[in-house]
**Student:** 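Structure provided below as structure tokens; questions to follow.
Only this structure's heavy atoms are used, side chains among them; waters, hydrogens and symmetry mates stay out. Throughout, a chain's letter reflects where its sequence line sits, starting with A, and its residues are numbered from 1.
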Amino acid sequence: MSGPTIDANFALNIALLLMLVAIAFAVVRTRSLLAAILMMSVYSLASAAWLMVADAADVAFTEAVVGAGASTVILLGAILLARGEAERVNWKLMIAPGALAVVVGAVLIYAAGGLPNYGDPASPANSHVGRAYLEQTYGDIGAPNVVTAVLASYRGFDTLGETVVIFAACIGVALMLGFGPRATLAPPTEIPNDQHVVLRVVAKLLIPLIALFALYVQFHGDLGAGGGFQAGVIMAVAIILHALVFGLRATMAAVPVRLARTVAALGVVVYAGVGVVCIINGGGFLDYDYLFSPRIEAMIPANLLGDPSHEHHWGQHFGILFIEIGVLLTVSATIVTMFYGFAGRTLETIEAERRG
Amino acid sequence: MAEALHWIGGALILAGALLSILGAVGVLRFPDVYTRIHAASLTDTGGATLMLLGMGLISPLGFVMLKLLLVWGFIMLTSPAAANALANAAFGAGVRPRIGTFQIMGEDKPGGSGPERSGEGTAS
């Protein structure tokens, strides 16, 4: 790091961070809300690239699929309900918020000087609990990806909270934008015109592949980057792509609104259910070591994952697998429900306008 | 041998990056939506192809190469389709191609058949 040579990683960091600043200014400057949303998507992609440079693969993955993918589509659905342009704001009204932003920014930059160096082994985050995770994960849980082990096992209760928060968002959007008969649309009566034949062919090829990739991310989560959150969003994006290309009515016929809502609730039930099973078998809530009673555990063949010599923690392994499935169900169904809420409302408005 | 492959691979990645930069210049400099889409999509696909080829030469033979091949297939599938969709949407929204200072295919039709009119004003 020291010396006159410029580290390539350092240069990449600076370039990406400058890009983020430039995009942020562009977002603030533009008055077209559509352009702002698209630039926010670019911002997410650039920050995902930066997180990747910083070796935070799981976070980068989440940022790319949630920030650049799902939230962009949902915001685009929402923008059609609003006017496409922001109003010009009197500059006098900007003085106080601008001054506040400058002060807060200055405080943050000052505070950044007190942060430990990036990757500093003596920093608090790396020396106490983080170090314990790194040292003990493989012995305790046997998952190569420490991030997944921390997320799903050590802090399984926190992740349950996050899943419930996502479910709450699903309920909130459904309550605001149509719970009840208005939310469902009749299946399509007419075949759409053939203007978008290229898109339809490509989408038909891609949607199954995207869904398959979601399952790969899901079940590969304790080996590499990924897990239920990322997989859920990817699965939802496959469904949203179907809606964008084949029309909302066709998608609502394939994945009904009622199904999406039920699955969103089911995910939380699966997650919490795993915790309850652990209690029944004599452990604490979400204590996966007690997931299987000894009789069931004895029935699992030792060579299930190939290597019988390594001592496997089957409870941990399957516990993480099950709760990640719960996360997948809730996240994907929530995003689909939110998309249905915004897009269905938009379609309803457009058709009401057309009728006069 | 491996040394030479590294150099060739590096050169290909650099060429791909340069092509992508050329594409960005094209997007900024070309006169209308369609030529801009053309610049963006051709250099996007071509630049990615060159870069992936370069990475394939650098990476060891095996699983990584298969992954790179899959990424390449994905880009070849999505990038042209996205360009097509963009051009299709622009035409549907009433944006007409423009060459030089005159309109070769007539005036723009504001509020064309598309759901929303996407002008050039958003490009900054």
**Student:** Sort out for me which of B/Leu77, B/Asn88, B/Asn84 touches chain A most, counting heavy-atom pairs under 4.5 Å.
**Tutor:**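 Most heavy-atom pairs under 4.5 Å with chain A: B/Asn88.
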**Student:** How would you list, by chain and number, every residue that makes a salt bridge (charged side-chain N to carboxylate O under 4.0 Å, His left out) with A/Arg31, sequence neighbours excluded?
**Tutor:**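 Scan of A/Arg31 (salt bridge (charged side-chain N to carboxylate O under 4.0 Å, His left out), adjacent residues dropped) gives A/Glu85.
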**Student:** Taking atom CE of A/Met40 as the centre, report whether more than 12 heavy atoms of other residues, nucleotides or ligands fall under 6.0 Å from it.
**Tutor:**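 Counting neighbours around CE of A/Met40, 12 or fewer heavy atoms of other residues, nucleotides or ligands fall under 6.0 Å, so no.
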**Student:** Using only non-hydrogen atoms and a strict under-4.5 angstrom cutoff, which residues of residues 38-46 of chain B touch chain A?
**Tutor:**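 So no residue qualifies.
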**Student:** Does any heavy atom of chain B fall under 4.5 Å from the side chain of A/Leu209, the backbone, both, or neither of them?
**Tutor:**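 Nothing of A/Leu209, per the 4.5 Å heavy-atom cut-off to chain B.
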**Student:** Mind listing the closest non-hydrogen atom pair of A/Leu199 and B/Ala81 along with its distance?
**Tutor:**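 That would be CD2-O, 4.2 Å.
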